[in-house]
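The block underneath contains the structure these notes are about, expressed in C-alpha cells.
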Amino acid sequence: MSETLWDIWESGQYVGDDFSNARVTIQKAVLKKFGPWRSLVFAQDEPQYELPRLNLRSIRIDNRHQSDAATMTLTMVNQIEPDLLANLDENPVGGPTPRQQMDLAQPGYYTYRRGITPESVDRFGHDVDPLWVDMFIPNRVIRTFQGYGTDGAPNPWDDTKLILTGTWLIDKVDYKTDGSITIQCRDALKLAIEQRLYPPIIPVDQYPLEICADYTDTTTETFTSTTEIHHEGIQGGNVAKILLCSDGYISGNTPWYGCNASVYGHRESHAFDGNTSTYWLSMGNNGPNELWSFEWIGGRTFGEPVNKVRIKPKWGGYKYFIAVMENGKWVDGPIVPYGYWTGPAYPNGSNKPYVKTGWVPKSEAWFEIELPRVYNADQVRIIFTNLQNSGLGSNPYRAALYEFEVLADIPPRTEIIKTEGTREIEFIVPGNIADYTDIVKVLAAWSGFYWPWGQTDQILENWLTSEDLLTLEQVAAGFTNQVGRVWGDFAYSGAFPVDPPCIPASFWDNKSVMDGINQIKEILGFICYADATGGIVWRMPNIWRTGNFISGFGFIGQDSIREIDETKVLIDYGVQIDDANLRSEIHVVSAEDPTLYTSIRPGWAEGEVVPSAVDPQGDLALLGGQDRIMLVPNYPFISQAEVDKFAYLVSLWIHWSYRKSSIRIPGNPAFEPDDQVRVYERITEESYIHYIQGVSSTMDLDKGTWYLDVDTHWLGNGPDQTWVVNTYQDMPAALYAYLRAIGEITEDGDPNDLPPDFDPNFDIPDFPDDVPRLDQDLGSIFPDPPTVQYPYDDSWSDKDIADNIGSGYVTPPTNGSGGTVNWRSEAWRYAYWGARGSDLVTTTFMYADPPPTSFAAQYSHPNQTNSVRTTVPRASLSAWRLVAKAFVAQQYNVLSCAAYAGKDRKIAGTNTYSAHAWGLAMDVNPFSLGNSCCTESWSSWYARPDSPAFYAAIQDITNIRTNSSNTRVFGWGGFWKTKKDYMHIEIVCTRTQIQEGVHQG
Amino acid sequence: MAQWTLTDYSTGTPEIFTFEWNPNKFDPPGRSANIVAEATSAPNGQTLLFQGRDKLRKSTFEGAVGSESFYTDLDTWKDKWYPLELSDDQGNTWTILIEEWKWTRVKRRNPWRFDYTAQVIVL
C-alpha cells in the first residue's frame, strides 16, 4: 500500500477526489489442465470486463482464517445507464418497443440468459449482448479493487489509488425483480473445498494416494575390501637367498653329503652370507672336464625381475652355465652337457636347460653375468665345469664361490589384497515428499493453483509421471512438462512423517482437498488462506515476534505494526473477556499411537489481565480454580514432537481466546488476517498488540461508506515488553528449534528460558526458498512468461596458461583435499533426483565461440567441436554452465561424452546404475583428441589431471556452491579414494539444493 | 422573453412543447451531496467524512394555465414517463423526469384557469 493511500486513510476525509471507491472485473474461466495440474490463473485467457461503477451497490468481504475460504458478496444494479434521449419506438431485434415495455434502462440487462430465447425477443424485445450473456453465473472470476479515489486508469489493476482486495469465484447469483443482482463468492480456495481427493483430481496412476518421506532401512551386503601394500623399488639389489633344504638339492653336493653339509669346513650358506672370506666348495672330481665334472649352486629369487648374476669366484677359470626357473619351469635352452649317466657321476641336477654360458676369468674378482632378458625368476643356478685343482683329497678338481648374487631391477609397485566380508548397510528408501509442505503444494497444484511459468518447483517435478503429457496445443504455446510451480507463498515446515514415514491412503480418502490440507495444517499449526491474487499462503501464524512480514498488496513495510489511534480513525472498539474457551489443562493424544501424548497448562504473561490472586497459577487462576480439562484425541500424530508442538500451539490459541477485541475503522486493505495491529483507546485501557483473526469489509458505494470490522485477540503488552511467548521453557524443543531456523526467534535469550531439552547445536532444517509471489507481475494479472536468464555469459578471460609450461607439475590432489567425496547411492539419486532418465534436457554444455586460441594449433582436431550438446536434468543447467565456464577460463575446449547414457548405463563391471543414468555425471575430455573419452587418452601434459590448468578448472568446479545453503554442487572423480576417474564430474547435491541457484564459490 | 419549452426525443423526431405562459416560480436544480459523518471514539478525535454518490437532484416549478389548449397539451406532456428536455427562459436546459405534477383549479370564470406545481428529477 502506498504512503499516499495510508495518509488519505488516516486523514479521515474520504470526500472529493478521495472518495471511497471500488472497481470490479469479471472474467470467464475454466480450469486449464497442464498434465496432472490445474491452473486457475492461466485458465483466464478470456478478457476481464469491468463492471460499470454506477451499477455497483455494495461489496462485503469476510475474511478470517478460521474459515476455509474468504467470502465476498457483491450487489449491483441489473440495468444499464439509459440513453436519455433515445428513440423509444425503435427495437432493432423486433418485438415490443421500449415504449410498449416502458423499459428505459433495459432492466435485466445483465441477466445471464437475456435475449437468447425466442420468448425473450418476442415477448420482451430483448437483444443479446454477447459480452454479458452467461457472464454472471457460478465460477466466473471476479476481482475487486478498492481504495480511495481513482487516477482514471483504463484498467482497474493499473489504478494507483486502488488495491486488489480479492480474486473470487462466484458461488451463487440472485437476480431479483427489484433490479438487483446479488453475487456471492468465495476466494480461490473454493477449488480446494469443492474438489475431492479422488481421480481425476488425483491422477489415476497416483491413486490410491500414498505419501511417504524418505526413510532409512538396513540390509546385509557382501563386500570386498581392498588393501594396498606398497613395495619400494629396488635397483640392482641382490635378491638371491639360499635354497631351502625342503626344496631338495641346494647344490651339486647335496646328493653326496646332504643339505648344506660341510666340505672341508665349507657350506652352501657361505656363498650367501655376504662375507667374502668364506666360500662354498663343491665335492671333488678326478678331472676338470670329465663328463661328470659339473658342479652347481643356486638361489631362490622369489619371482623378482632379475637380469644379472654376480659372483665372486675362488680360483676362477671355470666355464659356467646359467639356468633360470621362471613361473615354476626351467626356461628353455640347450641342456648342460652333464654326463649323469656315466660311471662315477651321481645325478646331481646339473643337467638343466641354460640361458647363458661363458667363461669365468681366472681371477677371484667380482664377475657379472648379464642375462639375455629380465626373468621373473623363482630360482637361478650357476653350473660350473672346467673345475680347478683344489689340492684337496684324491679327487681335487672342484668349484668354489665366495659369494653368489642374483641382481634385480624392481620398480616400486602396489600389491592389492582383496578380502571378502559381509556388513549391514543403511540405505534410503526414497519417498515422494521431503516436507509436509510438499503435500500441500501437490494438492494445491492438482486442484487449480498451478503456475506454468518460471522456476520449476522440485516437488511438482517429482510427482510427474510419463503419463502426464501436455497437449500439443499447450506445447505449441510454450509450456513444458518440467516448468512450473504452485501459485502462492509456501513456507517449509522442516517436518515430515517419520516412524512410520508414510501417510496411508485411508488418510486421504473421502476428503476434500481442503480437508487434506487442513489435516496437515493441524499437524504443523500452520495457517492457510488465499491472498488477494488467488495464491495460497501457507505458513506459521504471525505470532512469534512483533511485526508484519508477509508482503502483499496491503503490505506497508517490514516490521510495521498497523497502529490505530482513537483520535484518528477508530470508530468503535470493544474488548471482550471471555472464559468460554479457556482450559486449565490440555491433553493431546495421538489417534495413531496412544503412547504419544502430552499435557500442558496454559499460562499468562506478565502484564496480562490476571486475577489479583495468583495462586493457583496459569489459566487455572483465570478460571477461578475450576478444572476444565480439554482432551484432543483425534489427530493422527505419529511422533512425540508433533504432539508436543500441537499441544503447545493449542494452548496458545486457547489462552488468547480469553481476551478478544473488535475494531471498527474506515476500510483499509492493509489490515489483513494474520497481521498484527496496535490499538490506542482510553476507555478500554488499550495499547496492546493484537493479532488479527478476521476482517469484514463493508463498502456501500451509494453512501460512500467503507467500514472495516477487525476481530483480534491479545498478543502482548507492547512491542518491547512482555509477550505471551516470551519464555521458551514450556515450548517443545523441536518447535523452538524450528522457530529459530525460520527466523521467528532470533536470540537464545536467557539460557534459563530455553526449553530444557533444547540442543543449541540443533540441526537447522534445509529450507528451500519460498515460492516467489511474482508481485511484480500481478499488476497486469496476465504476466508475460518471464525470460529465464542463466548466469553464464559467454565471456572468458584471456588468461594464457602457457606461462605455466615448464614450471613443473602441481601437486596432484590427495584424497579429501579440495572436496569431500560424495559417493551417492542409487537410492540417494532416486530420492533426490527422481527416476532415471526423467526430466532431462539436451543443452549445449560447452560453448566457446570463438574457440580458445592459445592451444588451438596444438590441440585442434578435425573431430573436435566447441559446442557440445548433451543431456542433464533441467534443474542443473545453470550449474553445468559454470562447469563449462571453468574450463573455458583455462582455455580448454571440452569434448563431453557420456553425460547421459540412458537408463541402462551402469558402472563398469557392476550391476549398479551409474550417476550418468540420472544425467548427474559428465565425463569430460579436455584434451579432446578425437572422440576418445578414455582416461588413457591423457597423453598431454596439459590434459593430465595434475596439470596446473586442469586442476585450476577442477578447483573452480568443486567450489561451485548453492546460493542459500552454500552446498557443494560437484564432486570430481579425481578425489575418489580408490579408483580414481579424472574425467568424471558428478553432481553431489540434491535437486532442492541446486534450485537455490548456484554461484562460483 | 423566451418561452419555456419541453422537448420529447423519444419518437426519433424532436417534438417541442412551448409553454404559453412561463412558470411564475422556479427552483432551479441545486446539488445535494451525500455525506456520512462518523465520529471517532475519542471525544477529541477527528470526524470522519464519507462521500457517496450525490443525492438525486430535484427541481420544482409552478405556473398558471389560462387556456384549454395550454391545459390540454400540458396535461398530456405531464404524463410522459420518460426523460424530456426542459428549457427555461434564460436558455438553460436540463434533462428531466417528471416525478410529480399537481393541478389546482382556480375558481374563476375561466374554466381553464389552473395552477400547477411540478416536481422533476434532474437527470
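Every chain is numbered from 1, with letters handed out A, B, ... down the list of sequences. The basis for the numbers below is simple: all heavy atoms, side chains too, and nothing from hydrogens, waters or symmetry mates. Model, not experiment: these values are computed from the prediction.
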Judged by atom type as modelled, is there a donor-acceptor pair below 3.5 Å linking the side chain of A:Gln13 to the main-chain atoms of B:Thr47? yes

Within residues 89-101 of chain A, residues adjacent to chain B where the heavy-atom gap is under 4.5 Å: A:Asp89, A:Pro98, A:Arg99

Would you call A:Leu88 and B:Trp81 a side-chain contact if the rule is heavy atoms closer than 4.5 Å? yes

Any idea which of A:Ser20, A:Pro82, A:Ser11 has the most non-hydrogen atom pairs under 4.5 angstrom with chain B? A:Ser11

What do the steps show when you test A:Tyr707 against B:Phe50 for ring-ring contact (aromatic ring centres under 6.0 Å, His included), and what is the final call? CA-CA 10 Å; A:Tyr707 298 112; B:Phe50 295 93; 5.5 Å; yes

Spacing of B:Ile35 atom CD1 and A:Phe19 atom CZ [to the nearest 0.5 Å]: 12.5 Å

Please check: side-chain N/O of A:Glu566 versus main-chain N/O of B:Ser41, any donor-acceptor pairing under 3.5 Å? no

Between B:Gln46 and A:Lys568 the two heavy atoms that sit nearest each other are NE2-O, 2.6 Å

Would you mind reporting whether A:Thr567 and B:Thr40 have side-chain heavy atoms less than 4.5 Å apart? no

Highest number of heavy-atom pairs under 4.5 Å with chain B among A:Leu701, A:Asp700, A:Asn87 belongs to A:Asn87

Which bit of A:Glu10 is near chain B, if near means a heavy-atom gap under 4.5 Å: side chain, backbone, both or neither? backbone

Does B:Glu99 have more than 12 heavy atoms from other residues, nucleotides or ligands lying within 6.0 Å of its CD? yes

Approximate separation, where rounding is to 0.5 Å, of B:Leu49 CG and A:Tyr14 OH: 9.5 Å

What do you reckon, is CG of B:Leu123 surrounded by more than 12 foreign heavy atoms closer than 6.0 Å? yes

At a 4.5 Å cut-off on heavy atoms, which part of A:Tyr680 comes close to chain B: side chain, backbone, both, or neither? neither

Flag if over 12 foreign heavy atoms under 6.0 Å of CZ, A:Arg682: yes

For chain A, which candidate among B:Ala33, B:Pro14, B:Pro43, B:Pro83 shows the most heavy-atom pairs at distances under 4.5 Å? B:Pro83

Do B:Gln51 and A:Lys703 come within less than 4.5 Å of each other through their side chains, counting heavy atoms only? no

Between the main-chain N or O of A:Asp702 and the side-chain N or O of B:Asn34, is there a donor-acceptor pair closer than 3.5 Å? yes

With a 4.5 angstrom heavy-atom cut-off, could you sort out which part of B:Thr11 is near chain A: side chain, backbone, both or neither? both

A:Leu54, part contacting chain B, at a heavy-atom distance under 4.5 Å: both

Among A:Thr705, A:Val569, A:Ile571, A:Asp572, side-chain contact (heavy atoms from CB on, under 4.5 Å) partner for B:Glu38: A:Ile571

